[in-house]
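Below is one structure, written out as structure tokens, with a few remarks after it.
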Amino acid sequence: MISLKEIRERSIKFAKEWEGASNEKQEAQSFWIDFFKIFDVSPRSMQFEYPIKKIDGSQGYIDVFWRGQLLIEQKSKGKDLVKAKEQALEYLPNLKQRDLPKFILVCDFVSFYLYDLDTNQDYKFLLHDLPKNIELFSFIAGYTKKTYKEEEPTNRKAAELMGKLHDKLLENGYSGHQLELFLTRLLFCMFAEDTGIFAKNSFREFIENQTDESGRDLGSQINYLFELFDTPNEKRQKNLDESFTQFPYINGSIFTEQLKTAHFDRSMREMLLDACAFDWSLISPSIFGSMFQASMDVSKRGELGAHFTSETNILKAIKPLFLDELWEEFGRIKNNPKQLQIFHAKISNLKFLDPACGSGNFLVIAYRELKLVEFEVLKSLKILTQLVHIDQFYGFEIEELPSRITQTAMLLIDHQMNLLFAQMFGEPHFNIPIKDSANIFNVNALRVDWEETLSLRGTKQSIDYIIGNPPFLGSKMQSKEQKIDMEFVFKGVKNAGVLDFVTAWYIKSAQYCQNRQTKVALVSTNSITQGEQVGILWQEMFNKYKIKILFAHKTFKWNNDAKGVAQVYCVIIGFAGFDIKEKRLFEYETVKSEPHEMKVANINPYLVNGDDLVVVNRQKPLGNLPAMGIGNKPIDDGNYLFTEEEKANFIAQEPTSEQFFKLFLGAVEFLNAKKRYVLWLGDCPPNILKSMPNAMQRIEAVKTFRLSSRSAPTQKLASTPTRFHVENMPDATYLALPETSSENRNYLPIGFMTADIFCSNAMKILPNATLLHFGILTSKMHNDWMRYVAGRLKSDYRYSVGIVYNNFPFPLEVTDKQKEQIETLAQNILTIRTEFEGASLADLYNPLTMPPKLLKAHETLDKAVDKLYSKTGFKTDTERVAHLFELNKKLTSLIVEDRKKSKKIKKQ
């Protein structure tokens, strides 16, 4: 690929040679042939006097036409160039969509008017100023200054076209490994002709000019082209047509394997030409890899663009992991040549691994950013020797297609960085034929020994940085094979079956970090920092592998607003097998906000500034507190449950049953003031039961349902069909709270229930609760604790007795005066609620509709509860939770000490 410096020098020569020409239109062809020689573009790519119908139906001719790129309207000197542009625009409606040019150029040998149809910008200059403006035409040589757009519609359309071509080939019996490799090669070719690896448009023109329109010879011609890409120039046949010799020797493994010939028809040829017509230089390899992979799966095609990782999110992991440190170090030494040379050597020896690389987006961006650092080093040292190469990057990927896409994407980003190098330094430096390539292994990362696998490529040096976003799969979403992988990684770890799939990569990374200075950054679902998963995963990480969290991004929303796609909430955790003095914690005001950074002494698994402790599932609460339990679970197939109308109809037929109906509240009914009823026959005398035939039918139906269950315990329950599986019916007033509650609520709605109201197992209930308990549990102190340690159901909070309530540290000492104050403020909240007749708890606690009076009452209670824990109160939620973790640690250690003392007394 020609350098910009050479292009500029040739343009100077061109301008001088043509400045004194006769400027007659008959000289136009020679003029433009010389013009394109500036960029090393063959005249064979151009079509002169291209016939085209105008808007009015009359015949016209485009003076010079380069399909999909450039339309030139040439005039004699002195002619009106504005009218010439209008004439050129008249040709566009009758061109095929894929042939539409990106630029229109009108010229009279002296004046040049260039119109960019994408940006609607125009540029005007004279021939003698061409060298000053020659970069406007750098697209002819394959250069581009376009910026990437993460949600570029073109990307999606291109991926969809490739998907359709995939389907057609598959339908015709071209499948599996052959199909995936064939499409990956086509992807490379289309990028190559738009980024200067091949001459501009050369692959598309080869298909258009050298293959039959029926498509019958397209597969064989492409296969021969692939063979040439793997053949050095000196070993090619001497009598090859120029249409073949124009393509360079590529080398690398991408074209080595021989493939069966793919058979095309006319429609498939058109699909491929349409795909070639896109400007692939606009598409970031980091984005398209994921989209291309999704396009190969019909079930995911409607979600194209929905699952790729945005560059913004990738940089959230990369910057604190290594990039910020490198830029900081460069800033300190940029004026010290000796230190810069050492720094240059250092970055050229760094090794990076993505152990679940997918389509390679993390590796692509990491390489790009490392090259940008190197370019600044080269500028400071005033040298051109590049030392950073793609063979410093490694990836593990279980599926073949994405692993091949990663390999290709790394070659493409390498070429794009070489293009940037040529633009910055005026010297072309290209990795064609391919000398360096990324080290991508098509392996199951959870089953192989990482050190042993990496050594297969002669890697004796340890990996410096591990980065990536392993699969987001909860325990219930894992396949049989994935569960076996989890068992393999977590062998001997109690309760590991509830862990998300991503946690296996935490353990494998921690194992690799042993006795190394390796740092890790993984994007994960935020569930690994919540609920029971924390205790299971992080006790293993801390106790067995001595891992320290070095930086973390707290929960943020995955950068994706695609319609119909479930929202994903993520965290990024950076860790290593060693400690550092100062950690970086990135907080978000809301999950959609930009992060703000805090420097902290330590980060615990809940991503709070505090000691490395985990909250485990406790059977009893900390301290002398009433026990919380779940509500009633009938396991009745709905036979005992009634709406208000169904209940009325049932009683009308069987009046005796009225006394056995109870109001039955699940989370939905509790929050939304809805009514549902349960027919409770567990205490009904046998003689009364026998007198209610409709009730007996219900009992029989429950028995049958339970007997048909696959669960042995449920089958056993069939022997007592009037009883519930779980029965929790306090004989006095009790507190109730929903198991799941919206993340949008500032306060978890809690309320007192009378003994005649039954709660379902979607509720937690607290018998023997007082106003003091209600006051503390409804306070911000308890709500903040819940937000940090509770698990999630999608994005909703999932309240757990063993994790949230039993680990919540109630204040150690409460004076009578404080108790009375809290009870008064708690009662005030209950009283205010009653003032809004007809409003449900969901209405009252929706932040948008919450009555100001009720909000103020809560805020007053919050301050009073805070004072039970600290005389000065707390400025932030993080401060509040950090204090609770410390208190939890203190209370837990007191319990442990008491147990030890009890054991000693027993022994004595």
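Model, not experiment: these values are computed from the prediction.
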Problem set entry | Tyr115 side chain reached by Val106 side chain, heavy atoms, under 4.5 Å | yes
Problem set entry | Modelled atom types, side-chain donor and acceptor of His128 and Glu19, under 3.5 Å | no
Exercise. Measuring from Gln210:CD to Asp217:CG, what's the distance to the nearest 0.5 Å?
Worked result: 9.5 Å
For this session: Report yes if the side chains of Met268 and Leu169 come closer than 4.5 Å at any heavy-atom pair, otherwise no.
Result: yes
Exercise. Can you find a side-chain donor-acceptor pair between Asn223 and Ser220 that sits under 3.5 Å?
Worked result: no
Exercise. Are any of the side-chain heavy atoms of Gln386 and Lys371 separated by less than 4.5 Å?
Worked result: yes
Exercise. Does a salt bridge link Lys200 with Asp40, judged by any charged N lying under 4.0 Å from a carboxylate O?
Worked result: no
For this session: Count the heavy atoms of every other residue, nucleotide or ligand shown that sit under 6.0 Å from CG of Asp56, and state whether that count exceeds 12.
Result: yes
Exercise. For Glu242, which residues count as a salt bridge (Lys or Arg N to Asp or Glu O under 4.0 Å) partner, sequence neighbours excluded?
Worked result: Arg44
Exercise. Is the closest basic N to carboxylate O distance between Arg266 and Glu270 below 4.0 Å?
Worked result: no
Problem set entry | Name of the residue among Val110, Leu130, Asp34 meeting side chain to side chain contact (heavy atoms under 4.5 Å, CB included) with Trp18 | Asp34
For this session: Give, for atom CD1 of Ile250 and atom CG of Leu228, the distance between the pair rounded to the nearest 0.5 Å.
Result: 10.5 Å
For this session: Please check if the distance between the ring centroids of Phe31 and Phe14 is under 6.0 Å.
Result: yes
Exercise. So how far is it from Asn172 CG to Asp167 CG, rounded to the nearest 0.5 Å?
Worked result: 11.0 Å
Exercise. To the nearest 0.5 Å, what is the distance between CD1 (Ile197) and NE2 (His415)?
Worked result: 4.0 Å
Exercise. Do the charged groups of Arg98 and Asp274 touch, with an N to O distance under 4.0 Å?
Worked result: yes
Problem set entry | side-chain hydrogen bond (donor to acceptor under 3.5 Å, both in side chains) partners of Ser214, counting only residues at least two apart | Asp212
Exercise. Could you give all pairs that pass the ring pair (Phe, Tyr, Trp, His ring centres under 6.0 Å) test and reach residues 37-63, with sequence neighbours left out?
Worked result: Phe35-Phe39, Tyr50-Phe65
Exercise. Any side-chain heavy atom of Glu369 sitting closer than 4.5 Å to one from Leu315?
Worked result: yes
Exercise. What residues form a side-chain hydrogen bond (donor to acceptor under 3.5 Å, both in side chains) with Arg8, not counting sequence neighbours?
Worked result: Glu135
Exercise. At what distance, to the nearest 0.5 angstrom, does CD of Glu180 lie from OG of Ser175?
Worked result: 9.5 Å
Exercise. Which class fits the ring pair Trp32 and Phe36: parallel under 30°, tilted 30 to 60°, perpendicular over 60°?
Worked result: tilted
For this session: Just jot down the salt bridge (Lys or Arg N to Asp or Glu O under 4.0 Å) partners of Lys168, sequence neighbours excluded, or say none.
Result: none
Exercise. Between Gln392 and Leu387, what is the shortest heavy-atom contact and its length?
Worked result: OE1-O, 3.8 Å
Problem set entry | Check against salt bridge (Lys or Arg N to Asp or Glu O under 4.0 Å), Arg368 and Glu311 | CA-CA 11 Å; Arg368 184 191 73 189; Glu311 291 190 14; 3.0 Å; yes
Exercise. Does some side-chain heavy atom of Lys75 sit less than 4.5 Å from a side-chain heavy atom of Asp80?
Worked result: no
Problem set entry | Phe229-Phe198 aromatic ring centre distance below 6.0 Å | yes
For this session: Decide side-chain contact (heavy atoms from CB on, under 4.5 Å) for Leu114 and Phe137; before the verdict, give the C-alpha distance in whole Å, the side-chain angles of both, and the deciding distance to 0.1 Å.
Result: CA-CA 9 Å; Leu114 180 69; Phe137 300 95; 4.0 Å; yes
Exercise. Minimum heavy-atom separation for Gln407 to Ala438, with atom names?
Worked result: NE2-O, 2.7 Å
Exercise. What residue pairs, at least two apart or across chains, pass ring pair (Phe, Tyr, Trp, His ring centres under 6.0 Å) with a residue in residues 72-93?
Worked result: none
For this session: Give the C-alpha distance, both sets of side-chain angles, the deciding distance and a yes or no for side-chain contact (heavy atoms from CB on, under 4.5 Å) between Asp118 and Phe103.
Result: CA-CA 8 Å; Asp118 286 341; Phe103 297 90; over 6 Å; no
Problem set entry | Steps toward side-chain contact (heavy atoms from CB on, under 4.5 Å) verdict (Leu363, Ile440) | CA-CA 10 Å; Leu363 294 176; Ile440 309 302; 4.0 Å; yes
Problem set entry | Contacts of Glu376 that satisfy salt bridge (Lys or Arg N to Asp or Glu O under 4.0 Å) - sequence neighbours left out | Lys379
Seminar exercise, completed: Of Gln221, Arg216, Arg269, the one forming a side chain to side chain donor-acceptor pair (under 3.5 Å) with Thr211 is Arg269
Exercise. Would one find more than 12 heavy atoms of other residues, nucleotides or ligands at under 6.0 Å from atom NZ of Lys54?
Worked result: yes
Seminar exercise, completed: What one should report as the nearest heavy-atom pair of Ala88 and Leu71 is CB-CD2, 3.6 Å
For this session: Evaluate whether atom NZ of Lys102 has more than 12 neighbouring non-hydrogen atoms of other residues, nucleotides or ligands under 6.0 angstrom away.
Result: yes
For this session: Mind checking side-chain hydrogen bond (donor to acceptor under 3.5 Å, both in side chains) for Ser202 and listing every partner two or more places apart, or none if nothing turns up?
Result: none
Exercise. Sequence neighbours excluded, which residues qualify as side-chain hydrogen bond (donor to acceptor under 3.5 Å, both in side chains) partners of Asn201?
Worked result: Gln69
Exercise. If we only count heavy atoms from C-beta on, is the Leu186 to Leu272 side-chain gap below 4.5 Å?
Worked result: yes
Exercise. Of all residues at least two apart in sequence or in a different chain, which pass the ring pair (Phe, Tyr, Trp, His ring centres under 6.0 Å) check with Phe226?
Worked result: Phe182, Phe255
Seminar exercise, completed: ring pair (Phe, Tyr, Trp, His ring centres under 6.0 Å) filter on Phe244, not counting sequence neighbours, yields Phe206, Tyr224
Problem set entry | NZ/NE/NH1/NH2 to OD/OE distance under 4.0 Å, Glu6 and Arg10 | yes
Problem set entry | Check: Val64 and Leu70 side chains under 4.5 Å, non-hydrogen atoms | no
For this session: Dump the intermediate steps for salt bridge (Lys or Arg N to Asp or Glu O under 4.0 Å) on Lys79 and Asp108, then the final yes or no.
Result: CA-CA 7 Å; Lys79 293 289 184 180; Asp108 66 353; over 6 Å; no
Problem set entry | Set of salt bridge (Lys or Arg N to Asp or Glu O under 4.0 Å) partners for Lys37, sequence neighbours left out | none
Seminar exercise, completed: Value for CE (Met271) from NZ (Lys164), rounded to nearest 0.5 Å, stands at 7.0 Å
For this session: Report the C-alpha distance between Met410 and Asp414 in whole Å, list the side-chain angles of each, state the deciding distance to 0.1 Å, and finish with yes or no for side-chain contact (heavy atoms from CB on, under 4.5 Å).
Result: CA-CA 6 Å; Met410 289 299 286; Asp414 182 47; over 6 Å; no
Problem set entry | Exceeds 12 heavy-atom contacts within 6.0 angstrom, atom CZ of Arg236 | yes
Exercise. Is the NZ or CZ atom of Lys124 positioned over Tyr113's six-membered ring, under 6.0 angstrom from the centre and within 45° of the axis?
Worked result: yes
For this session: Give a yes or no on this: more than 12 heavy atoms of other residues, nucleotides or ligands lie within 6.0 Å of atom CD of Glu213.
Result: no
